[in-house]
Amino acid sequence: LEYERRMNEADLIVFLSFNRFSCFLRSYKRSRKYKNKVRDSIAPGCEERFDRAFCRWILKEGRTKPRRQRYYEVVEKHRDKCMVIRNQIQLDRFKKACKPHPEKG
């Protein structure tokens, strides 16, 4: 119920739908870079980790049929405010478009 309420109230829904192997590789590289450290973009108190459970979630559990079905339902129901980003190029373009432009004097 909470999830559905948030989807209904959202102005924009952005799904990052990167290839699972790309996610795995990027996560591995990030874990090496930030091993035993806390990144600025991670929740306070959480450490970067790359363990068996996390790998399993990236490659399989995060992409189960029920999870994919919920994703498809949200995209279908909220087509007018849903954006699916499938790769880094699309993400870079989206981030650039979201940056505030300095006002011209």
Side-chain angles (χ1 to χ4, degrees):
L1 236 61
E2 180 66 19
Y3 182 83
E4 187 62 33
R5 182 185 66 78
R6 289 192 320 246
M7 295 300 109
N8 288 329
E9 292 178 3
D11 294 328
L12 177 65
I13 302 167
V14 179
F15 280 108
L16 300 180
S17 184
F18 284 44
N19 172 291
R20 74 180 74 199
F21 301 107
S22 173
C23 292
F24 181 83
L25 181 60
R26 291 169 70 131
S27 181
Y28 174 74
K29 287 178 180 179
R30 194 172 50 245
S31 73
R32 302 285 294 168
K33 182 177 180 180
Y34 294 100
K35 187 174 184 174
N36 299 320
K37 297 178 185 174
V38 177
R39 287 186 286 127
D40 291 342
S41 60
I42 202 168
C46 292
E47 286 185 9
E48 192 69 42
R49 72 176 202 279
F50 191 78
D51 57 15
R52 184 179 297 214
F54 187 58
C55 293
R56 191 171 48 246
W57 189 87
I58 290 172
L59 295 173
K60 186 171 176 157
E61 293 173 11
R63 298 168 190 265
T64 61
K65 189 172 182 176
R67 287 184 192 274
R68 288 192 323 266
Q69 186 59 40
R70 182 161 86 166
Y71 157 80
Y72 293 129
E73 288 170 1
V74 169
V75 170
E76 180 64 27
K77 182 175 181 181
H78 302 285
R79 198 180 311 195
D80 57 323
K81 61 180 181 178
C82 214
M83 173 180 281
V84 179
I85 296 177
R86 299 185 188 284
N87 58 51
Q88 188 63 47
I89 293 170
Q90 291 177 348
L91 180 59
D92 291 343
R93 287 180 186 152
F94 175 73
K95 289 179 358 184
K96 185 176 180 182
C98 290
K99 280 188 179 178
H101 294 32
E103 292 186 37
K104 294 180 181 177

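Residues take their numbers from the sequence shown, with the count starting at 1.
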Among the clusters formed by ILVMFWY side chains lying less than 4.5 Å apart, do V84 and I89 turn up in the same one? no
Indicate if W57 and Y28 have the same hydrophobic cluster label, given that clusters are the connected sets of ILVMFWY residues with side-chain heavy-atom separations under 4.5 angstrom. yes
If you look only at pairs with a residue in residues 67-80, which of them pass as a salt bridge (charged side-chain N to carboxylate O under 4.0 Å, His left out), with sequence neighbours excluded? E4-K77, E76-R79
Over 12 non-hydrogen atoms of neighbours within 6.0 angstrom of CZ in R32: no
Smallest separation among heavy atoms of V74 and M7, with atom names: CG1-SD, 3.9 Å
Evaluate whether atom CZ of R6 has more than 12 neighbouring non-hydrogen atoms of other residues, nucleotides or ligands under 6.0 angstrom away. yes
As an exercise, state the distance from CZ of R30 to NZ of K35, rounded to the nearest 0.5 Å. 15.5 Å
Does any non-hydrogen side-chain atom of K95 lie less than 4.5 Å from one of L91? yes
Any chance you could measure K29, atom NZ, to F50, atom CZ, to the nearest 0.5 Å? 12.0 Å
Measure the spacing between CD of E61 and SG of C55 and express it to the nearest 0.5 Å. 11.0 Å
For H78 versus N8, what's the shortest heavy-atom pair and its separation? CE1-OD1, 3.1 Å
Enumerate, atom names and distances included, each donor-acceptor pair closer than 3.5 Å involving a side-chain atom of residues 10-25, sequence neighbours excluded.
| unit_1 | atom_1 | unit_2 | atom_2 | d |
| --- | --- | --- | --- | --- |
| N19 | OD1 | F21 | N | 2.7 |
| N19 | OD1 | S22 | N | 3.1 |
| R20 | NH1 | L59 | O | 2.5 |

